[in-house]
Amino acid sequence: DGHAKSLTIAIVNNGHMINMQKVAEAYTEETGVQLEWVSLEEGVLREQVTSDTATGGGQYDIINIGMQEAPIWGAAGWIEPLEFGAEYDVDDILPAMRAGLSHEGTMYAAPFYGESSMVMYRKDLTDAAGVTIADNDSWDNVKAAAAAIHDPDNGVYGACLRGKPGWGDNMAFITTVVNSFGGAWFDADYKPTIDSDEWRAAINFYVDLLGNYGPPGSEGNSFNEILALYNEGKCGMWIDATIAASFLEVDGVAYAQSPNAGNPVGANWLWAWAMAVPAGTENAEEAKAFIEWATSKEYVQAVADHPEFGWAKVPTGQRASTYANADFQAVAGFASAELAAIESAAPEATDLKPYVGVQFAAIPEFPEVGSAVAQEMAAALSGAKSVDDAIAASQDAADAIMREAGYY
Amino acid sequence: MSDRKLPRLLQTPAVVLLLIWMLIPLGMTLYFSFIRYVLNSLRRPEWTSPSLSNWRGFGNYQFVLNNKDFLFAIQNSLVIVCSILFLTVILGVLIAVLINKSFPGQGIVRVLLISPFFVMPAVNAVLWINMILDPVLGLQGLAVGGINGVITSLQNAPGVGWFFSLWPQLEPISFRATQTSAYAVIIMVTWQWTPFAVLIFMTSLQSEDQQQKEAAVLDGASTWSQFRFLTLPHLSRPIAIVVMIQAIFHLSLYAEIEIVSRGNGNKNLPYLIGEFANNNIGAASATGIFAVILANIVAIFLLRMIGKTLME
Amino acid sequence: MGRIVLENVTKSFGDAQVIPPLNLTIEDGEFAVFVGPSGCGKSTLLRLIAGLEETTSGQILIDSKDATEVPPSKRGLAMVFQSYALYPHMTVRKNIAFPLRMAKMSQSEIDKKVEGAAKILNLADYLEQKPGQLSGGQRQRVAIGRAIVREPAAFLFDEPLSNLDAALRVGMRLEISELHNRLRTTMIYVTHDQVEAMTMADKIVVLRAGNIEQVGSPLDLYHTPRNIFVAGFIGSPKMNIISGPEAEKQGATSIGFRPEHTDVSKTEGMWKGRVGVAEHLGSDTFIHVHDTGLADMITVRINGDIAVTHGDDIYLTPQLDKLHRFDADGLRMA
Amino acid sequence: MGRIVLENVTKSFGDAQVIPPLNLTIEDGEFAVFVGPSGCGKSTLLRLIAGLEETTSGQILIDSKDATEVPPSKRGLAMVFQSYALYPHMTVRKNIAFPLRMAKMSQSEIDKKVEGAAKILNLADYLEQKPGQLSGGQRQRVAIGRAIVREPAAFLFDEPLSNLDAALRVGMRLEISELHNRLRTTMIYVTHDQVEAMTMADKIVVLRAGNIEQVGSPLDLYHTPRNIFVAGFIGSPKMNIISGPEAEKQGATSIGFRPEHTDVSKTEGMWKGRVGVAEHLGSDTFIHVHDTGLADMITVRINGDIAVTHGDDIYLTPQLDKLHRFDADGLRMA
Amino acid sequence: MAIVAETSRFSKVSRPVLAWIVGLLFFFPIFWMILTSFKTDADAVKPEFLLFFTPTLDNYLNMTENYDYWRFATNSVITSVFATLFTLFVGIPCAYAMAFNPSRATKDVLMWMLSTKMLPAAAVLYPMTFLTKSLGIFDTHFLIVLVLSLINLPIVVWMLFTYFKEIPKDIIEAGKMDGVNTWGEVKEILIPLAWGGIASTALLCFIFCWNEAYWTVRLTTTEAATLSKLIEGNRAPEGLFFGRLSAVSAAAVGPIIVLGWFCQKQLVQGLTFGAVK
Ligand SMILES: Nc1ncnc2c1ncn2[C@@H]1O[C@H](COP(=O)(O)OP(=O)(O)OP(=O)(O)O)[C@@H](O)[C@H]1O
Ligand SMILES: Nc1ncnc2c1ncn2[C@@H]1O[C@H](COP(=O)(O)OP(=O)(O)OP(=O)(O)O)[C@@H](O)[C@H]1O
Ligand SMILES: [Mg+2]
Ligand SMILES: [Mg+2]
């Protein structure tokens with residue numbers, strides 16, 4: 001028909017996505033497909049996309065979703081399975097990513113960029129204090145290092161960690177700590193196990209570490225706030241998303257794989273912002289074509305070639321080929337650490353946990369459970385509650401939600 | 001006159017529109033509140049479409065009542081609404097009296113003062129919690145850091161150093177913590193709505209009867225007595241109106257709560273509904289019905305208070 | 001106790017001098033009325049005395065003490081405003097008690113005084129009501145009550161009756177006169193209603209543009225107005241003033257004769273005219289006569305009734321002994 | 001052209017019957033005045049005629065045509081409100097032109113009529129001003145102008161002068177009377193001021209609680225009031241009414257005598273009393289006499305002056321030929 | 001009042017000083033926001049105070065380049081203007097009828113209207129989404145105008161009602177005698193007379209429409225998205241972009257603040273809610 005097709009794309013307002021709007025101008029030129037961007041804050045995006053999708057869709061042709069939603073939404077039939085041509089080279093996508101975005105072997109969302117978590121610290125400070133942080137170090141050692149570099153009078157805090165309540169904020173980090181202590185969200189029957197000894201030990205450790213060696217107001221800090229603090233030189237150490245490394249402007253940053261307390265599995269998380277096609281759209285074909293382009297090697301190259309961006313700004317974490325590129329390695333000192341972290345993350349269900357996901361459980365009820373627990377954890381962190389009380393309340397809340405949801 | 005029916009006719013569009021606006025969503029909410037309805041469930045896919053076969057009676061209400069945050073949300077929202085009302089009214093009266101008489105630059109001061117009222121709630125929250133109240137990066141952090149710096153350098157000063165070493169270092173307050181997040185919301189909303197109160201009180205002060213004041217002067221009333229016995233009573237109606245309008249708006253605070261602490265330590269029923277609405281629409285709807293009931297209780301209370309004012 | 005003396009008092013608002021230098025003495029116990037047309041400065045003068053306005057120059061003495069710089073509440077004066085200025089949220093009792101409460105009087109004493117005032121003013125039944133529930137006359141009485149309890153050296157009234165309707169005004173006028181008879185406190189009363197001035201005053205002060213035109217007892221002013229202005233202002237209906245040949249016949253620039261000092265006949269008289277409107281009040285008849293060639297309209301008053309209607313011819317004869325003669329400056333001729 | 005007949009008209013607000021069945025005829029060209037105490041239903045009656053209130057039952061005929069169901073604008077009547085009810089956002093010209101504009105008259109015709117009305121009412125200089133800039137009397141005239149231009153079958157006035165001050169009221173009263181003399185249009189005029197009623201009316205309708213107490217010419221009512229109520233209402237100062245032994249002596253339950261029909265002496269007379277307030281108006285003196293043993297207060301009027309003051313003894317003698325006698329029901333005795 | 005005012009030193013010196021301090025304090029956050037919008041994101045979180053930065057327009061350029069600021073702004077203007085007009089269009093007749101022909105139910109109707117404002121929006125989000133989608137009006141200007149009108153209608157009716165009640169009934173009746181019909185009454189008398197009140201009601205309504213951020217965010221995608229949605233899209237991106245956020249915020253609230261400044265006289269006089277006297 002004479003009309004140019006138009007796609008409405010809901011994106012989370014992160015840097016890579018914003019940049020995509022410019023890179024995709026070329027796509028529009030080439031294919032004639034008009035692109036309408038709706039960029040939203042994560043929470044609002046999730047709410048909008050959920051309400052649109054749950055009520056039959058139709059507002060968006062392409063949506064940004066995360067690893068938590070992809071498998072469940074795929075299972076529920078809210079989003080369409082994605083199958084691309086050979087050129088797409090699906091095997092180039094990192095296996096952990098594919099696993100996390102698939103349900104029963106079918107990929108429902110294509111990763112735009114992905115991340116794991118790792119330790120970022122100021123080598124100058126640790127050196128000065130005479131301590132070291134190794135890959136997969138022990139938590140005790142990490143705490144000792146934090147104590148050694150903690151110097152609040154001069155505005156340097158030993159450890160900056162997420163404390164802001166939210167299943168994707170403090171709970172992302174806390175879950176990795178719990179995992180590394182050998183805990184999990186649910187047992188095989190999906191009964192919450194928050195009142196387990198592993199959780200208790202992990203939370204005590206977390207509160208102790210961040211409470212004593214963290215900056216004031218940690219219960220309000222998440223990725224954004226800590227990034228700003230770090231760039232202001234206020235953080236000695238930061239354990240967070242690998243993507244942070246590309247934003248750091250402070251000298252002397254060093255990386256280490258996430259520490260653990262005996263169980264390295266799940267000590268670092270796995271996350272991807274992916275693109276999916278909601279079931280209600282009328283432009284499924286065009287949408288899939290766009291996703292195929294936007295998550296391809298070709299796209300990475302296009303960003304690298306774009307006059308405003310270059311290799312330093314390409315989306316990472318999704319494709320092995322990107323890490324293999326020498327130009328990329330040259331500008332991304334964190335590349336190998338990031339790749340290692342992503343590759344070591346294991347989202348699949350295991351004997352220890354029945355659910356898919358590292359720092360979350362890919363079940364529809366998880367956001368509700370996660371937010372409830374997140375608030376308890378923030379309360380424990382700021383001392384409004386004891387750790388034991390917070391854990392007991394979390395267990396009760398999670399139990400009520402899971403019971404309500406008909407798990408048992 | 002034959003056009004006795006006309007008045008009713010003229011009211012009809014407004015009444016019918018509002019009736020539709022209220023009844024249809026409310027009816028659906030009521031319906032959802034009595035059935036099992038979740039957006040997504042791997043275990044019980046049959047719950048994901050609203051249908052009478054998922055009838056649950058008062059189960060959703062039961063669930064909501066048992067929620068650990070339910071009573072807290074009600075109590076907390078009353079606390080924040082009352083605090084905001086208290087502060088805005090007090091500040092509003094004081095400021096209105098302060099700027100009511102003419103002084104150099106009165107117009108400019110008035111413009112400066114009422115500006116916060118025009119700011120969007122989300123902007124307000126982001127502005128305050130990040131750029132002003134943040135204990136490290138915000139103005140608070142900067143100010144505390146600055147003051148501590150000054151104290152430290154004074155402690156090292158010869159002669160008076162001993163005196164300043166008795167001074168403690170200031171600790172910045174985290175306004176996102178469980179204990180304090182409600183205060184942050186109270187502060188920012190008070191900042192935004194005090195101008196509204198000032199506007200209304202100022203308007204009312206302009207209609208204050210000067211002869212009454214002169215009579216009071218002759219009766220020997222001091223400035224304070226004039227304020228206490230004349231101005232305050234004169235302001236009682238506008239105060240009632242400010243309370244009423246603000247209560248309407250503040251019972252449904254949302255963006256501020258979300259942005260400050262994501263409901264940590266500070267919640268109201270609308271926010272609780274939002275949390276349930278992640279997945280459990282049945283529970284969200286039941287909470288909605290509770291919220292409607294609460295709103296109406298407050299409304300009845302408020303309307304009692306100002307109902308007479310309204311019709312006089 | 002309540003002698004008020006103004007010495008060379010002036011008042012300007014910005015550049016406009018509203019009161020030129022003015023001297024006036026009001027004796028203790030006197031009922032003084034300020035009259036004059038709107039804007040002549042009556043209220044301003046009263047407010048200067050009350051202390052609600054600062055004098056621009058000159059002195060105000062109350063009981064021989066210089067009160068020019070004394071704040072209003074310390075002058076010992078009470079004022080009753082045209083708008084009543086009651087405190088709308090207080091009951092009548094509280095309104096009346098307010099000045100006493102401000103003076104930190106004991107509650108029992110306050111109660112006693114309020115009850116006393118209420119009795120004098122027939123307000124006892126309304127003490128617990130709010131001003132909004134009272135009629136105009138009752139409100140006026142409350143305002144007076146609030147003034148009385150302070151036992152002031154003098155009462156100041158600013159057009160206290162002008163918001164009341166005709167019948168009530170007559171009643172309240174009497175009440176205030178009776179109050180004065182009873183209390184014998186100095187009262188200064190502002191009005192632009194000459195009937196009020198005539199009926200209530202011991203001493204009338206006629207003002208024009210801030211100047212005192214004449215001071216005297218009501219009958220002084222009625223019988224010997226100092227100039228045309230006062231002559232026209234005092235008496236109702238107004239004195240008829242004519243100039244021209246008829247005045248010259250009397251050796252004056254203008255002559256004035258009052259409606260009640262004119263003989264009327266349907267058959268003969270000095271001047272002939274035509275009846276315009278004839279107002280039959282029963283007790284009196286006012287006839288407004290046109291086409292006399294003397295003035296647009298001449299008003300005459302007849303006791304009782306006379307059977308005239310619109311358009312009738314009529315003859316008027318002024319009573320010569322009650323004629324007022326004015327010179328070219330409008331001043332009374334001896 | 002303007003004969004208005006009310007047949008068994010009643011009006012109830014909710015359960016309260018404000019106007020019980022009432023019959024009244026106002027002849028074409030007549031100046032009818034409704035008087036009565038506050039709340040007696042004067043305004044309601046006028047508004048029924050205007051069509052601003054619906055009758056509860058009964059018929060209103062205007063020029064023999066049933067107008068009961070006709071909307072106010074179609075009745076051909078014009079109304080002047082107590083508050084003037086001018087349109088504050090329009091100039092005087094626009095105010096006066098408004099009814100003509102609503103009647104879709106051509107602009108040139110409108111202009112002609114407005115100019116005409118303005119000339120009659122001396123408003124020509126103010127045509128471009130807004131009501132807010134006018135004095136009370138001028139506003140009143142604009143309101144009348146707005147009524148005049150419509151050339152109505154009848155004018156309805158609801159207390160048009162009660163917001164004006166005494167002097168202006170006298171002037172406007174005359175102007176309206178002159179207007180009536182000139183236009184000879186039916187006018188219905190509501191007031192509670194008996195002086196206005198007496199001076200302006202061809203026919204006075206005295207109302208009490210919605211009932212007509214008496215209808216007649218002013219002098220009829222003055223000389224032969226049908227009952228005590230009318231007697232007390234018409235005449236100023238009010239007729240003195242006494243009952244008891246002195247009345248019985250005259251063979252009546254109560255007797256009434258007017259202040260102006262009482263002889264006064266300082267030495268002898270029928271009744272002895274004590275002077276309360278003496279109001280010296282120059283032309284007359286009103287003496288309020290207490291302690292006669294007849295009534296609380298008896299008021300008498302003396303032409304000219306008499307030298308009495310507060311507290312003097314005084315003797316009163318009513319003129320027996322002008323005595324009014326009333327029976328136990330308060331009705332006039334033959 | 002001359003004496004009373006002048007004898008106190010407070011009025012002469014302290015009052016202006018205090019008033020200025022209060023005014024500046026209240027304005028300071030907005031000033032700070034505007035100032036920050038001219039800083040780079042890095043400067044914005046630096047402890048150096050106020051003046052030690054090089055002003056930059058980057059944040060504004062970025063906003064208009066990466067986000068379609070003008071479309072959001074246009075939508076805000078369109079929806080707020082039409083919603084205000086529509087609200088007045090429905091509200092004026094209603095308030096008129098209530099003020100001049102009150103019945104026993106009038107007060108209750110008014111109260112009921114106000115109480116609809118207390119319904120928590122979150123409770124009816126899903127029903128609204130369902131409904132508007134099935135009617136095919138989701139993300140249309142029509143829907144946003146309608147919703148904004150409905151949520152402001154109660155306050156508008158109330159405000160207008162209080163203004164209309166102050167109009168003497170006599171004037172309306174004089175109009176009746178002069179032969180106006182109902183429409184003429186509204187057009188020739190009511191609106192000109194209550195103009196000040198209507199204007200300040202419209203202004204307040206406009207402000208509330210402009211700042212509405214629940215429905216305008218949730219019932220739109222692209223077509224009818226307003227500045228509130230632009231804010232949502234810039235709140236908490238990856239990193240604390242105070243500069244960028246400030247610029248977006250300043251651009252979103254700027255127009256309404258300026259409008260408020262120009263109309264402040266109107267607001268000061270008009271915001272009575274019947275509370276005068
Ligand atoms: N506060 C003021 N500022 C400026 N001019 C004033 C002020 N108060 C009064 N005036 C002017 O002073 C003059 C006298 O005013 P005043 O109120 O004393 O008159 P008045 O005799 O009481 O008149 P009225 O009978 O109308 O009450 C008027 O010309 C008035 O305009
Ligand atoms: N709209 C109404 N609803 C109920 N009662 C009314 C209404 N209008 C008038 N009334 C009552 O009808 C009676 C007559 O009122 P109306 O206004 O006609 O009296 P009035 O003689 O004009 O009094 P006034 O001299 O005070 O103007 C009063 O008791 C009044 O309370
Ligand atoms: Mg005055
Ligand atoms: Mg009346």
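In what follows, chains carry the letters A, B, and so on, assigned in the order in which the sequence lines appear, proteins first and then strands, with residues in each chain numbered from 1. Here the structure is a predicted model, which is why all the values come from computation and not from measurement.
Listed for the E:Glu185 side chain is no donor-acceptor partner under 3.5 Å among the backbone atoms of E:Leu190. No side-chain donor-acceptor contact under 3.5 Å links B:Asn100 to the backbone of B:Ala96. Judged by distance alone, with hydrogens and angles left aside, the side-chain atoms of B:Asn124 form no donor-acceptor pair with the main-chain N or O of B:Met120 at under 3.5 Å. Looking only at distances, no side-chain donor or acceptor of E:Lys117 sits under 3.5 Å from a matching main-chain atom of B:Ile248.
Taking CG of B:Leu91 as the reference point, atom CG of B:Leu98 lies at 11.5 Å (rounded to 0.5 Å).
E:Phe262 CZ: 12 or fewer foreign heavy atoms inside a 6.0 Å radius.
No hydrogens or angles considered: nothing links the side chains of E:Thr226 and E:Trp210 as a donor-acceptor pair under 3.5 Å.
No other option in E:Leu150, E:Ile155, E:Val248 has as many heavy-atom pairs under 4.5 Å with chain B as E:Leu150. For the options E:Leu125, E:Asn211, E:Val157, E:Thr87, heavy-atom pairs under 4.5 Å to chain B are most numerous at E:Asn211. For chain B, the option among E:Trp112, E:Tyr214, E:Phe208 with the highest count of heavy-atom pairs below 4.5 Å is E:Trp112. In terms of non-hydrogen atom pairs under 4.5 Å with chain B, the most contact-rich of E:Ile231, E:Ile257, E:Leu227 is E:Ile257.
No part of B:Val242 comes within reach of chain E, as not one of its non-hydrogen atoms sits under 4.5 angstrom from that chain. At a 4.5 Å heavy-atom cutoff, the contact between E:Ile256 and chain B is made by backbone and side-chain atoms alike. For E:Tyr96, the part lying under 4.5 angstrom from a heavy atom of chain B is the side chain only. Contacts of B:Ala255 with chain E are absent, with no heavy-atom separation under 4.5 Å from either backbone or side chain. Both the backbone and the side chain of E:Ala19 come within contact range of chain B, each with at least one heavy atom under 4.5 Å from a heavy atom of that chain. With a threshold of 4.5 angstrom between heavy atoms, B:Met131 approaches chain E through its backbone and through its side chain. For E:Met33, the parts lying under 4.5 angstrom from a heavy atom of chain B are both the backbone and the side chain. E:Phe206 does not touch chain B: none of its heavy atoms, backbone or side chain, sits under 4.5 Å away. For E:Val217, no part sits under 4.5 Å from any heavy atom of chain B, backbone or side chain. Of the atoms belonging to E:Glu232, it is side-chain heavy atoms, and not backbone ones, that fall under 4.5 Å from chain B. In this structure, the portion of B:Ile245 lying under 4.5 Å from any heavy atom of chain E is its side chain and not its backbone. For B:Phe290, no part lies under 4.5 angstrom from a heavy atom of chain E. For chain E, no part of B:Tyr271 is nearby; none of its heavy atoms comes within less than 4.5 Å. Heavy atoms closer than 4.5 Å to chain B are found in the side chain of E:Thr36, but not in its backbone. Heavy-atom distances place the side chain of B:Leu39, and not its backbone, under 4.5 Å from chain E.
Nearest heavy atoms, B:Leu251 versus B:Ala295: CD1-CA, 4.4 Å.
Counting heavy atoms from C-beta outward, E:Met128 and E:Trp215 have side chains that approach closer than 4.5 Å. Within the 4.5 Å cutoff, no side-chain heavy atoms of B:Ile281 are placed close to those of B:Phe276.
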Discussion item. Pair B:Phe117, E:Leu204 - check side-chain contact (heavy atoms from CB on, under 4.5 Å), show working.
Written reply: CA-CA 10 Å; B:Phe117 184 57; E:Leu204 196 73; 3.7 Å; yes
